[in-house]
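Here the structure is laid out as structure tokens; the discussion comes afterwards.
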Amino acid sequence: MYVIRTEMTVPTTRAVEFQRQDDRRIEFMRAQPGFVGELLLNSLGYPVMQYSPMYFHDTRYVLFTHWESAEAASACFGGGLWGEFERLHASEALYAPERTTAYHLLDEQWRHGDARFAWTFEVRQGERGTSRTDIEGLVARYRESFGLLVRGQLLQQADDPSAYLVVLLLIGQTEEFPPGLDVPEVARFFAPWAAEDAAVEELAPEGLQVVQFVAPGLPFSARQ
């Protein structure tokens with residue numbers, strides 16, 4: 001599977017419009033060959049203001065679109081139909097990517113449940129002695145040991161095979177940084193970072209709220 005991760009900042013006053021636009025975008029994409037699903041997340045660090053006691057002028061979203069192949073994604077975004085969609089929906093201008101990264105899906109684990117929150121973090125092979133075997137086994141360790149896990153994905157960056165992204169969907173929110181450090185198998189993985197406070201910050205896991213999750217076997221809209 002081929003996954004595109006897109007990060008963007010939207011004015012909080014236009015967040016509702018942006019999320020409605022996401023519904024229209026999904027309708028368009030579901031008609032494209034090779035589209036598998038979407039995960040839209042809202043950062044807990046820069047949330048939509050109704051989720052926060054403070055006022056934020058901007059809110060941050062992270063969008064994952066899943067495709068059967070890189071060719072399917074290219075056919076969608078490189079064709080005239082996508083250009084026509086942008087022309088017909090002026091608010092698509094809200095969707096201004098600040099960073100777009102492509103990945104290959106290496107591992108995916110499931111548990112039943114409705115995910116409300118997510119954690120993502122990037123890790124690089126060789127960083128602080130981390131081996132490829134350690135990284136590729138991390139999602140399975142979460143599945144076996146971390147009760148709040150609903151879905152875990154391990155993604156490998158398409159243009160940099162040494163760079164990985166771990167995506168965890170959780171039933172409940174956790175204050176652990178990163179989650180699961182009370183599980184011995186998970187704690188051992190993070191031990192090189194946990195040895196120094198400054199090193200933990202290098203891993204920089206990000207907490208997010210699930211806005212919409214569209215996947216095979218689920219209703220069209222699973223908006224939280």
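Sorted by first then second residue, the salt bridge (charged side-chain N to carboxylate O under 4.0 Å, His left out) pairs that include residues 129-140, not counting sequence neighbours, are R132-E136. Sorted by first and then second residue, the salt bridge (charged side-chain N to carboxylate O under 4.0 Å, His left out) pairs with a member in residues 61-80 form an empty list; sequence neighbours excluded.
Side-chain contact check for H104 versus Y2: some heavy-atom pair is nearer than 4.5 Å. Taking 4.5 Å as the limit, every side-chain heavy atom of F117 sits out of range of all side-chain heavy atoms of L168. Counting heavy atoms from C-beta on, the side chains of W67 and M29 come closer than 4.5 Å. Side-chain contact between Q212 and Q19: absent, with no pair of heavy atoms (C-beta onward) separated by less than 4.5 Å. Looking at V62 and F64, their side chains come closer than 4.5 Å, going by heavy atoms from C-beta outward. For the pair Q153 and V139, the minimum side-chain heavy-atom distance is 4.5 Å or more. Here the side chains of Y164 and T130 are not in contact, with every heavy-atom distance at 4.5 Å or above.
For the atom pair OG1 (T100) and CD (E7), the distance works out to 8.0 Å, reported to the nearest 0.5 Å. Rounding to the nearest 0.5 Å gives a distance of 11.0 Å between CD of Q109 and CZ of R151. Here the CD-CD1 distance, from Q21 to I26, works out to 10.5 Å after rounding to the nearest 0.5 Å. With values rounded to the nearest 0.5 angstrom, L44 atom CG is found 11.0 Å from R60 atom CZ. Rounding to the nearest 0.5 Å gives a distance of 11.5 Å between CD1 of I135 and CG of L165. R141 CZ to R188 CZ: the interatomic distance, rounded to the nearest 0.5 Å, is 8.0 Å.
When every heavy atom of R124 is checked against every heavy atom of A163, the shortest pair comes out as NH2-CB, 3.9 Å. When every heavy atom of A15 is checked against every heavy atom of Y61, the shortest pair comes out as CB-OH, 3.5 Å. Of all heavy-atom pairs between G34 and A72, the closest is CA-CB, 3.9 Å. Residues L169 and V210 share a closest heavy-atom pair of CD2-CG2, 4.2 Å. Residues C76 and Q32 approach most closely at SG-CG, 3.9 Å, considering heavy atoms. Shown here for D58 and P11, the closest heavy-atom pair between the two residues is OD1-CA, 3.7 Å.
Partner V166 forms a side-chain contact (heavy atoms from CB on, under 4.5 Å) with one of L138, L155, D107, T120 and no other, that one being L138. Among T13, T9, N42, the one residue that satisfies the side-chain hydrogen bond (donor to acceptor under 3.5 Å, both in side chains) test with T59 is N42.
Between F121 and Y142, the angle of the ring planes lies from 30° to 60°, which puts this pair in the tilted group.
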Can you list the steps and then say if D23 with R20 is a salt bridge (charged side-chain N to carboxylate O under 4.0 Å, His left out)? CA-CA 5 Å; D23 288 339; R20 288 175 179 167; over 6 Å; no
Before giving the answer on salt bridge (charged side-chain N to carboxylate O under 4.0 Å, His left out), spell out for R87 and E84 the whole-Å C-alpha distance, their side-chain angles and the decisive distance to 0.1 Å. CA-CA 5 Å; R87 187 185 69 80; E84 181 66 10; 2.6 Å; yes
Can L39 and V167 be said to form a side-chain contact (heavy atoms from CB on, under 4.5 Å), step by step? CA-CA 11 Å; L39 174 64; V167 181; 4.3 Å; yes
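Side chain to side chain, H66 and E108 fail the donor-acceptor criterion of an N or O pair below 3.5 Å. Neither side chain, T101 nor Q157, offers a donor N or O lying under 3.5 Å from an acceptor on the other.
Residues meeting the ring pair (Phe, Tyr, Trp, His ring centres under 6.0 Å) test with F28, sequence neighbours left out: W82, F85.
A donor-acceptor pair under 3.5 Å is formed between the side chain of Q156 and the backbone N or O of P161.
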